[in-house]
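Below, all heavy atoms of this structure are taken into account, side chains as well, without hydrogens, waters or symmetry copies.
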Amino acid sequence: MPTPDRYSVLFESVKIGPVTAPNRFYQVPHCNSLGYMRPKAEAAMRRMKAQGGWGVICTQEVEIHPSSDLSPFPEGRLWDDRDIPGMVMMVDAVHEHGSLAGIELAHNGCHAMNHMTRATALAPSDMALHIPHPRQARAMDKEDIRNLRRWHQDATRRSLTAGFDIVYVYAGHHMTTAHHFMLPEYNQRMDEYGGSLENRVRLTRELLEDTLEICDGKAAVAFRFAVDEMMGEDGMQAHEEGRAVVELLAEMPDLWDVNVAGWDNDSQTTRFEPQDGYQMPYVDFVKSVTTKPVVGTGRLTSPDVMAGLINKGTLDFIGAARPSIADPFIPLKIKEDRIDEIRECIGCNICVSCDNLSIPIRCTQNPTMGEEWRRGWHPEEIDGKGKEEAALVVGAGPAGLECAMQLARRGYHVTLAEAGSEAGGRVLHESGLPGLSAWKRVADYRMHDLQQRANVDLYFDSELDADQVIELGIPNVFVATGSTWRTDGRGRATMHGVPIADGAEVLSPDDIMAGKMPSAGPVLVYDDDQGYLAAVLAEHLAQAGLEVVFVTPASVVSPFTDHTLEQGRVQTRLIELGVEIIPTHVLTEIGAESICIACDYSDRPRDVPARSAVLVTERHRTTGLYEALKASGQAFNHLALVGDAEAPGLIADAVWHGHLAAREFERDPALNDADWFRREITDLREES
C-alpha cells in the first residue's frame, strides 16, 4: 500500500554526520528496567521497534563508571569490556531491520546513589544527593574532571566496538554531571568550570570534543540537552540561557536531541498536559540556531502533527519514547496508510512507573511491551486458533475488549456481550473525570478493531445470566465482568470496615462516575487505594463547587502517582482548588453529620464535619455469573475469569490479563508452572 503523499516527508532519509537514518522516526533514549540485567529482553524490545519502522533506536541511559551506579535501577551499563556483549546484542537486533542504533552515555553524578558500588558520589560542588537519601556528593576537583573525561572516552570506544552508529553526550533531566555543571543551583564553583555560562558549559564542550575525536567519522555524535528547566526565572529558560547554550555549541554535535527538564516535565501525563507536541514552544528555536538535524519530543502521536513539524522546519526527526512503547509499529502503519490501526499512547506513565519500581517495562495500551523475549509476544502477530472454534466474552471493559480482540485475531468466532449500552467498562467511566479523557483510547482502539472483523458478534444492553450463557451453547467462556468499589470502608488500613450510622450518606467512586453527586457538603473523600482515582474524584467534586476534605492514611496525596511523575502536580492541584488535605489518618466511623478519623501513629481521634463520604478503598470482584456457571454442572471446555473480575488492579493489569487469557487459550495449563516465562539467569561460573 503506497504511503500517503501528505506523510511522505516522514520517510525521507536524513544524514546525521557520517551516518544516514532511513527515515525521520527517532526512538529517543528511554529507560525500561531491562538493561544490563536482562540484555536479551532489552535487545528483543528494541528489535521490535526496528521491525516496526523506527529509523533510529537508542538505549536508555548507560552508566559509564562505578561512580555512576544507579542501582537498584537496571539501566544500561558500560563500565568495562565485559559489558560490551550485552550491547552487541541490542545493536545487532536493531541493525537486523536496517535501523541505526544509538547509545546514551551517562555519568549521573549526584543523581547516582551508588548503592551497590558504595563509590563516592560526585558533583560540581559539595551538595546533597539529588535523590532523597541522607548522604552527600563531594565537589569534583580537576583530577576528577580529567577522570570523568577519560571514563567517557573509554565508554565511547566501547560503544564503537559494540557497533553503535550514534554516541550521545547527555546533559538533561537534572540527571547527569554535564547537566549539573551547567546549572547554577548545582554549580557554585569559582574556577574555569563555574561562574559564567561559558565556564559552566566547558565540561560539556570537552566531552563533545573528546567524543567527536574518538568517533572520527565511525559514528555520529548526538547531544541530548534540556533547554528549559520549567522553573521560570529560578532556572535555565529556553529562550534565554537555554538558547545561549545552543548558540555556544551550535555546530559541534552531529545531532541535537532537545527536551525540557526534569523528567516529570519531559514525560508529563495527559492528565496535566493533554496536548500532543507540548514541548514544541520550548524547543522550536533550535533549528534557527544550528544547521545540524534536530529531534524533539512531547508525546507525538498524530501523523498530521508529525508531518507538520517537519514541513514547518521545526524538527528534522520525530522523537518518541512513550508513543513508541504504546505502538512500536507507528512508522510502518503510517507508511502503509493504516493510521486507524495505531495504538495511541494515553500518557498514563505506567511505563515510567516500571522504571521507578525497577521492574520490566509495561504499557496500558500495548500489553506485549516487555514480553517480547520472555514470552515471545509480538504486538501485531499472534498464533492461529487451535481445535476450538468459538468463544464467548462477557463484559466489554478493558480486559474483555483485549481478550475478544486477540481471540478474533487468532481466528476464533467471538461473541462479545456487554450489559451496558457502550463499550469501555471502567475506562469509559474514568475517562469522564478531569484530565482522564485519553483513557478512552483504550476502548476506542479495540472497538474499532473488533468492528472490522467478520468473525465477531457484538451485543450491547445484553446482561447475561447463567441460563442464557448455557443456552448460547458456546463451550468457551471468558467472564470479564469487572469489579465494583466497596462502600463499607474496608481497605488496607481498615480491614474490618468501619461503623456507618443510619442516615449517613456514603458514595462509591462508581456512584460519582455514574453522575450521582453528594446531596450536600462538606464531603470527605477517603483514599485508602492510594492510586490516582481518589484525587481525581476530589478534583471533580471541588470543581462542582463542593467543599471537599481529603483524608488518607498515606503521608501524601496519591503516593502511587510518584511513580508516574505526577504526585507533586496532583497535590498542588487539590491545594489550588481549596481541598483540605488530612494525611496520615485512618477512617474510624461515619456519622450523619461528622466523620471520625484517627492518626495513623498516635490513634488520636478527630471529628471532621462532613455530611457525605466518598470511599476509595477496595473493590468487590463481580463474579456472580462465573460462580453460577461453575455451579451449574455445565461441562464447558474453558471457563475463566479475566481482568478485574480475577483481581482488581490498574487498567494496564486488566488489559494485560485479557491478552494473556487469549494468548494462552488452549495452551496446556501444566506448562504455566513449568514455563511461566523465560528467565535470564545470572552466570555462576567462577571468574579466573
Side-chain angles (χ1 to χ4, degrees), residues 28 30 228 230 238 259-284 296-309 314-315 318-327 330 339-340 342-353 363-366 398 424 426-446 448 512-513 531-544 557-558 560-577 650-652 655:
V28 296
H30 75 75
D228 199 304
M230 310 291 283
N259 54 27
V260 294
W263 189 18
D264 61 330
N265 292 316
D266 185 28
S267 294
Q268 282 203 57
T269 60
T270 48
R271 181 173 173 187
F272 294 99
E273 183 46 80
Q275 184 66 42
D276 281 9
Y278 60 89
Q279 293 192 32
M280 291 308 110
Y282 301 96
V283 304
D284 59 4
T297 60
R299 208 178 53 249
L300 295 164
T301 61
S302 163
D304 292 309
V305 171
M306 296 176 189
L309 290 170
T314 305
L315 299 176
I318 300 302
R322 292 172 293 172
S324 76
I325 294 166
D327 196 335
I330 287 176
I339 311 303
D340 56 355
I342 293 173
R343 280 186 303 275
E344 291 183 298
C345 172
I346 69 170
C348 64
N349 277 8
I350 289 301
C351 54
V352 172
S353 75
C363 173
T364 298
Q365 278 283 58
N366 177 12
R426 63 180 290 191
V427 297
L428 176 65
H429 304 309
E430 292 185 21
S431 65
L433 295 172
L436 303 187
S437 60
W439 268 220
K440 198 167 182 295
R441 292 177 179 178
V442 174
D444 290 345
Y445 165 74
R446 288 159 178 81
H448 176 78
I512 304 299
M513 289 186 286
Y532 60 86
L533 188 58
V536 180
L537 292 170
E539 179 180 343
H540 176 64
L541 295 169
Q543 288 180 348
V557 172
S558 304
F560 178 80
T561 62
D562 193 44
H563 300 307
T564 56
L565 309 181
E566 300 172 281
Q567 197 284 320
R569 288 186 171 91
V570 169
Q571 192 144 344
T572 299
R573 175 68 57 81
L574 295 192
I575 291 169
E576 290 173 344
L577 288 169
L650 296 165
I651 296 170
V655 172

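Other residues, nucleotides and ligands place more than 12 heavy atoms under 6.0 Å from the OH atom of Y278.
For the atom pair CZ of R441 and OG1 of T364, the computed distance is 12.5 Å after rounding to the nearest 0.5 Å. Here the CD atom belonging to E344 is positioned 11.5 Å from the OG1 atom belonging to T270, to the nearest 0.5 angstrom. The CD1 atom of I350 sits 12.0 Å away from atom CZ of R322, with the distance rounded to the nearest 0.5 Å.
Contact annotation: the side chain of V305 approaches that of L300 to within less than 4.5 Å [non-hydrogen atoms, C-beta and beyond]. Contact check for H563 versus V352: no side-chain heavy atoms found under the 4.5 Å cut-off. Between V427 and K440 the shortest side-chain heavy-atom distance does not fall below 4.5 Å. Inter-residue side-chain proximity for P398 and R426 is flagged as met; some heavy-atom pair is nearer than 4.5 Å. Counting heavy atoms from C-beta outward, R271 and T564 have side chains that stay 4.5 Å or more apart. Taking 4.5 Å as the limit, some side-chain heavy atom of P434 sits within range of a side-chain heavy atom of V536. The shortest side-chain heavy-atom distance between E430 and I651 falls under the 4.5 Å cut-off. Under the 4.5 Å side-chain criterion, counting only non-hydrogen atoms from C-beta, V570 is not in contact with Y532.
When all heavy atoms are compared, the tightest approach of R299 to T269 is NH1-C, 3.9 Å. What you find for A535 and S558 is that their closest heavy atoms are CB-OG, 3.3 Å. I342 and D327 get closest at one heavy-atom pair: CA-OD2, 3.4 Å.
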Does L433 form a side-chain contact (heavy atoms from CB on, under 4.5 Å) with L537? I'd like the steps, not just the answer. CA-CA 7 Å; L433 295 172; L537 292 170; 3.9 Å; yes
Check the pair M306, L315 against side-chain contact (heavy atoms from CB on, under 4.5 Å), reporting the backbone distance first and the verdict last. CA-CA 9 Å; M306 296 176 189; L315 299 176; over 6 Å; no
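No donor-acceptor contact under 3.5 angstrom links the side chains of T297 and N259, judged on distance only.
The backbone N or O of T314 sits nowhere less than 3.5 Å from a side-chain atom of D284 that would complete a donor-acceptor pair. When atom types are taken as modelled, the side chain of N349 and the backbone of S267 share a donor-acceptor pair closer than 3.5 angstrom. Side-chain atoms of S324 come within 3.5 Å of backbone N or O of A321 as a donor-acceptor pair.
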